[in-house]
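Notes for the one structure printed next.
Predicted model, so just to flag it, every value in this text is computed and none were measured. Throughout, protein chains are lettered first and strands after them, A, B, ... in sequence-line order, and every chain is numbered starting at 1.
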Amino acid sequence: METHLPKGYEPRDVEKKWYQAWESQGCFRADEHSPKPHYSIVIPPPNVTGVLHMGHALNNTLQDILVRWKRMSGHEVLWMPGTDHAGIATQNVVEKQLAAEGKDRHELGREAFIERVWRWRSESGGQIIHQLKRLGASCDWERERFTMDAGLSRAVREVFVSLYEDGLIYRDNRLINWCPRCHTALSDLEVEHEDKKGNLWHLRYPVVGSDRVLVVATTRPETMLGDTAVAVNPEDERYADLIGKTVLLPLVDREIPIIADEYVDKEFGSGAVKITPAHDFNDFEVGKRHSLEFINIFDPSGNVNENGGAYNGMERYAARKQVVADLEARGLLEKIEEHGNAVGECYRCRTVIEPYMSKQWYVNVGPLAEKAIEAVKDGRTRIVPEQWEKTYFEWMYNIKDWCISRQIWWGHRIPAWYCDDCEGVTVAREDAIVCAHCGGTRLRQETDVLDTWFSSALWPFSTMGWPEKTETLKKFYPTSCLVTGFDILFFWVARMMMMGLKFMGEVPFKEVYIHALVRDAQGQKMSKSKGNVIDPLSVIDEYGTDAFRFTLAAFAAMGRDIKLSTERIAGYRNFANKLWNASRFTLMNLEGFEPEGIDLDRFDLSPADTWILCRLAEAARETNQALRDYKFNDAAGVLYAFTWNSFCDWYIELVKDDLYGADPAVKSRAQSVLYVVLESLLRLLHPLMPFITEEIWQALPGRRPTTFLVDSPYPDGEGLPYAERGVAGMELIMETIKGIRNIRGEMDVAPSKQIQAVLDCKSEASAAVLRDGAGYVKALARVGELTLGVGVERPAQAATQVAGDVEILLPLAGLINVEEEEKRLLKEIAKVEKDVELFAKKLANENFVANAPRHVLEKDRAKLAEAEEKRAILQESLKKIQALR
RNA sequence: GGGCGAAUAGCUCAGCUGGGAGAGCAUCGGCCUUACAAGCCGAGGGUCACAGGUUCGAUCCCUGUUUCGCCCACCA
């Protein structure tokens, strides 16, 4: 017996070989002219700067499972790949490179810098694409897109100009989130709040024309340099007489009014609040209500500017220290308390953001959000799991205008031109040459670029060629499904919904599957700084892609977190190896076998054959159902159990006699079933484990209708008509084998020892089944001499076990320890006794009998009878055993 | 402050519309049985966080409590 498959599965070369073959043969190509029903997914575009991390690995594995499954299930599949230009992130990467060379982008100038970013991208930007391929991602790579491509840039412009024309984009001067390191505005979403320990400084502001001081509490004492009022609650009697008076702002000696505003909480701190309208979002509102002065005290880097008087030029935290010290020196520091505070940080560089006055571009998203809410409400888009709908609605209902301008260079430059003659703004699809207002030609283009997420919001249709009316859009939009993590539900999913509905008039995807985030084995977020990152590529190198993918699928059920452990991956590596060896066994036994025109109906199938084919059909049905429901873990579980427990542990063992026997007809039948089961199993497993399954499939004898497993039809379990023949008989045989094994195992009978067994059957039906399965029992339970039948002659002294209505008797003679048998029986009796009690009690309850549905009642009655029967047999046996002592 | 999620075997987690608690790993005992020691056979292990409620019946539904995690939010 020989096969050319090596003894252990070695993934590396196999993966490379088949991925290249699939790709070069166009297996992943989508055809918009195909008559087949469509299935489409757009990839969440990873940042060009990206390196494959666990999140990507999970996200893309799940997509690939869906896509491969649908492709095999007769759909024309488009999985649209690409990358995101990732404005700030990418700019930061290239700026760091420049810094290493002792340069900064301003030395280069805008054009040269952008040139440099493009160069960086062509040299090292494609990394993640290669990594996705190693993961097995079956995207249509010929369609790969980049958010800065000409086509997508055109879509961005079209959308910007349309929204502007519809009055949904406007420009305004207000307080925004400013990153002093990136030197750009950020949207609210791009600010991450982190609770930090801080202080509450209580400052004393002298009231003008009195000897009173007003104590104000602040978490940011340095901002007092920009105070333009102190506010108290209008209801607050303590300060009623001070309203309308002024205080002298210390250190800057500015006289500022004491005002009354509802916003002030009487209970908090001293009940008086310093108001810094240019540096705090609340104060900004108060400032507007009371027409206060807005004094900006910082420069774009977060250093105090000329408005800060003596503190001019100081870094903000140095200024804080100094301000506090100076106040203290003047006796104006009342006290310092500890105080927790949520500090906003830049999501790209973790620098503490500064509320900062500036003129920015905004999208009025309210009207867009309404449509996006409706679409989920009426089910045009379904979010799975449903719980996320609530989060989606919550955000949509409270949505605020979106600040889309960024003061960086890498990105889509805003198509707006300012006229030096009339100061009018011209927004246009083509680069403006003349002012739309005065006809002047002295135009300057807006230097700001758009938020990266603006272009990703268009991804589902911009990648398909919009604004052209392409065949691709016609065939594949709306997409079937979006697979993503909940961390970008607002950033991306919500915005795609709004833009898709606005510009395509249809939802961008019919279903959104939200998966969990991957964390380390301790549940910590993986991050470079924590050093707990598990690199997917090293996992792939160590365990193989298929084992890794299977692990991710098996973990996918988890609500929010996936705690990845390498032990678990090793377990699925073992599984891959198990499949490999089962396949080796099969191939070794398919010598001279020709699968062409195989027809199982021709054969008189054995009980084991029928059983495994039923199990296979069942597994196929369950796998399909699980995938339809996005229950990847169920799919993995079903296939794991079928492969290992049903196929390997039972069927392969059961079929050996048939394969090794002398009867060529029996052998041929066994080979046929073995072949059908393995071949179907490979197809079932392929979406989860594409490489190993292709490798084995290609090694199978004979020719199959398709060149690759990728293209072969996915089993749905309906085509195998063996289910109705039943599995009950085989299961009785298996129970019997397990019963004998139990006695042997419990009583330390050497596995090599052949024993004698008597099966006393209570029904002729069972006896017939067991006569049929006698070979199995002998082989798998290592029984030498087997006698069975109804009312068969019983050995005088035997160890006893029960399988259904069959009493298993293993004659003790010289084989078995009496005390051990007594112990074992007592244990068994105790177990069955518990069952008897449980069901007897239940059935004694009149209310239960009166109210429970009939099928429950009948089931419980049957179980009680069975348990009582078993108990009786075991007790009888116990008595005999005890009599021997 | 609002919202969401989690609590089940030593560990990591499954558990569908309520009807006798499951898997993997780990543990214990026995096996190199010609596909696989990354394996085979057998076994042990759980007051399903706590307290109430609904029900004939609750791990599952409802209420409350505790612990942990996440998201959103302008209380200085």
Side-chain angles (χ1 to χ4, degrees), chain A residues 1 3 5 7-9 188 193 200 216-220 223 231 263-265 267-276 280-285 339 341-342 355 387-388 390-391 394-395 398 486-487 489-490 517 519 521 523 554-555 557-565 567-568 570-589 625 629 631 633-634 637 640-641 648-649 652-653 656 660 738 741-752 779-782 827 834-835 838-839 842 845-853 855-857 859-860 863 867:
Chain A
M1 280 194 270
T3 162
L5 294 185
K7 196 162 172 183
Y9 173 57
D188 296 334
H193 293 273
L200 197 55
V216 296
T218 179
T219 51
R220 302 194 53 196
T223 61
Y263 147 69
V264 180
D265 178 357
E267 311 301 322
F268 190 88
S270 62
V273 186
K274 62 189 275 305
I275 301 296
T276 321
D280 181 279
F281 289 100
N282 290 311
D283 295 7
F284 179 82
E285 296 300 322
H339 185 72
N341 202 13
Q387 62 191 67
W388 289 106
K390 189 162 179 172
T391 311
E394 211 54 41
W395 189 74
N398 299 307
F486 57 81
D487 52 334
L489 183 60
F490 307 141
L517 302 183
R519 297 170 192 279
F555 268 118
M558 272 163 249
R560 299 208 165 210
D561 299 341
I562 291 177
K563 291 184 206 157
L564 197 68
S565 69
E567 286 89 351
R568 196 71 184 257
Y572 290 115
R573 184 265 324 265
N574 295 353
F575 175 66
N577 203 49
K578 188 74 179 174
L579 174 68
W580 184 256
N581 279 297
S583 303
R584 284 180 61 231
F585 170 83
T586 304
L587 289 168
M588 286 172 183
N589 288 288
Q625 187 57 47
D629 295 340
K631 292 182 178 173
N633 63 313
D634 283 358
Y640 184 97
C648 293
D649 289 348
I652 285 183
E653 296 306 323
K656 279 178 179 172
Y660 302 155
K738 282 195 257 185
R741 281 173 170 178
N742 172 264
I743 297 173
R744 295 185 62 129
E746 284 288 280
M747 297 175 58
D748 280 344
V749 178
S752 53
L780 271 63
R782 304 219 152 224
K827 205 165 79 182
K834 254 164 68 182
D835 288 353
L838 180 81
F839 292 108
K842 253 177 122 173
N845 183 340
E846 283 170 33
N847 284 323
F848 173 69
V849 177
N851 290 304
H855 71 274
V856 174
L857 216 52
K859 205 176 80 188
D860 285 359
K863 288 194 169 165

Could you give the distance separating [M] and [N] at their [atom1] atoms, to the nearest angstrom?
{"N": "A26(B)", "M": "G39(B)", "atom1": "P", "answer": "9 Å"}
{"N": "A49(B)", "M": "U33(B)", "atom1": "P", "answer": "45 Å"}
{"N": "A9(B)", "M": "G46(B)", "atom1": "C1'", "answer": "5 Å"}
{"N": "U8(B)", "M": "A58(B)", "atom1": "C1'", "answer": "14 Å"}
{"N": "G5(B)", "M": "G44(B)", "atom1": "C1'", "answer": "34 Å"}
{"N": "A7(B)", "M": "A14(B)", "atom1": "C1'", "answer": "15 Å"}
{"N": "A51(B)", "M": "U59(B)", "atom1": "P", "answer": "13 Å"}
{"N": "C48(B)", "M": "C60(B)", "atom1": "P", "answer": "10 Å"}

Exercise for the section: List for me each residue that meets salt bridge (Lys or Arg N to Asp or Glu O under 4.0 Å) alongside Lys390(A), sequence neighbours excluded, and say none if there are none. Expected result: none
Going by the rule side chain to side chain donor-acceptor pair (under 3.5 Å), which residues pair with [X] if we only count those two or more places apart in sequence or in a different chain?
{"X": "Thr223(A)", "answer": "Lys274(A)"}
{"X": "Asp629(A)", "answer": "Gln625(A)"}
{"X": "Asp748(A)", "answer": "none"}

Practice task
Using heavy atoms to find the nearest nucleotide of RNA chain B for Asn581(A) and Asn398(A) separately, return the residue whose nucleotide is more 5′.
Solution key: Asn581(A)
Practice task
Would you kindly compare Lys631(A) and Tyr572(A) by the position of their nearest RNA chain B nucleotide and give the one closer to the 5′ end?
Solution key: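 Checking each residue's closest nucleotide, the 5'-ward one belongs to Lys631(A).
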At what distance, to the nearest 0.5 angstrom, does [atom1] of [X] lie from [atom2] of [Y]?
{"X": "Lys578(A)", "Y": "Tyr572(A)", "atom1": "NZ", "atom2": "OH", "value": "15.5 Å"}
{"X": "Asn577(A)", "Y": "Arg584(A)", "atom1": "CG", "atom2": "CZ", "value": "9.0 Å"}
{"X": "Asp860(A)", "Y": "Phe848(A)", "atom1": "CG", "atom2": "CZ", "value": "4.5 Å"}
{"X": "Ile652(A)", "Y": "Asn589(A)", "atom1": "CD1", "atom2": "CG", "value": "9.0 Å"}

Handout entry: Whole angstrom value for the distance that separates C1' of G19(B) from CG of Leu857(A)
Key =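 Value for this atom pair: 11 Å.
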Handout entry: Between G39(B) (P) and Asn577(A) (CG): distance, integer Å
Key =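 In whole Å, G39(B) P lies 8 Å from Asn577(A) CG.
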For [X], check side chain to side chain contact (heavy atoms under 4.5 Å, CB included) against everything at least two apart and list the hits.
{"X": "Ala641(A)", "value": "Asn645(A)"}
{"X": "Asn282(A)", "value": "Tyr263(A), Asp280(A)"}
{"X": "Glu394(A)", "value": "Asn398(A)"}
{"X": "Leu838(A)", "value": "none"}

Quick one: which of [options] gets closest to the side chain of [X]?
{"X": "Asp634(A)", "options": "C40(B), A14(B), A38(B)", "answer": "A14(B)"}
{"X": "Tyr640(A)", "options": "G24(B), C75(B), C36(B)", "answer": "G24(B)"}
{"X": "Asn633(A)", "options": "A14(B), G19(B), A76(B)", "answer": "A14(B)"}
{"X": "Arg782(A)", "options": "U33(B), A35(B), A76(B)", "answer": "U33(B)"}
{"X": "Lys738(A)", "options": "G42(B), U12(B), C74(B)", "answer": "G42(B)"}
{"X": "Tyr263(A)", "options": "C70(B), C74(B), C40(B)", "answer": "C74(B)"}

Over all strands shown, is [X] touching base, sugar-phosphate only, or nothing at heavy-atom distances under 4.0 angstrom?
{"X": "Asp748(A)", "value": "sugar-phosphate"}
{"X": "Leu489(A)", "value": "nothing"}
{"X": "Val216(A)", "value": "nothing"}
{"X": "Arg741(A)", "value": "sugar-phosphate"}
{"X": "Glu285(A)", "value": "nothing"}
{"X": "His339(A)", "value": "sugar-phosphate"}
{"X": "Asp487(A)", "value": "nothing"}
{"X": "Asp649(A)", "value": "sugar-phosphate"}
{"X": "Lys834(A)", "value": "nothing"}
{"X": "Phe284(A)", "value": "nothing"}
{"X": "Ala582(A)", "value": "base"}

Using a cutoff of under 3.5 Å, can you pull out all pairs of nitrogen or oxygen atoms linking the protein to nucleotides 43-49 of chain B, with atom names and distances?
unit_1	atom_1	unit_2	atom_2	d
A43(B)	OP1	Asn742(A)	ND2	2.8
A43(B)	O4'	Glu746(A)	OE2	3.4

Looking at [X], I'd like to know whether one of its side-chain N or O atoms comes within less than 4.0 Å of OP1 or OP2 on [N].
{"X": "Lys656(A)", "N": "A35(B)", "result": "yes"}
{"X": "Asn574(A)", "N": "G39(B)", "result": "yes"}
{"X": "Lys274(A)", "N": "A76(B)", "result": "no"}
{"X": "His193(A)", "N": "C72(B)", "result": "no"}
{"X": "Tyr9(A)", "N": "A35(B)", "result": "no"}

Practice task
Could you list the residues that satisfy ring pair (Phe, Tyr, Trp, His ring centres under 6.0 Å) with Phe575(A), not counting sequence neighbours?
Solution key: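 Result, ring pair (Phe, Tyr, Trp, His ring centres under 6.0 Å) vs Phe575(A): Phe550(A), Tyr640(A).
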Exercise for the section: Quick one: stems involving RNA chain B, counted as three or more successive Watson-Crick or G-U pairs, both distances short of 3.5 Å. Expected result: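 Stems found: B:1-7 with B:66-72, B:10-13 with B:22-25, B:27-31 with B:39-43, B:49-53 with B:61-65.
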Practice task
Verify, without hydrogens or angle tests, whether Asp283(A) (side chain) and Thr276(A) (backbone) share a donor-acceptor contact under 3.5 angstrom.
Solution key: yes
Practice task
Classify the side chain of Lys390(A) and the base of C4(B) as holding, or not holding, a donor-acceptor pair under 3.5 Å.
Solution key: no
Problem - Quiz item: Glu653(A) side-chain donor-acceptor pair to A35(B) base, under 3.5 Å - result: yes
At a cut-off of 3.5 Å, list every protein nitrogen or oxygen paired with a nitrogen or oxygen from nucleotides 56-58 of chain B, distance to 0.1 Å.
unit_1	atom_1	unit_2	atom_2	d
C56(B)	O4'	Asn851(A)	ND2	3.4
C56(B)	O2'	Asn845(A)	ND2	3.0

Practice task
Could you check whether the rings of His339(A) and Phe268(A) sit parallel, tilted or perpendicular, using 30° and 60° as the cut-offs?
Solution key: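 Taking Phe268(A) first and then His339(A), their aromatic rings stand perpendicular (interplane angle over 60°).
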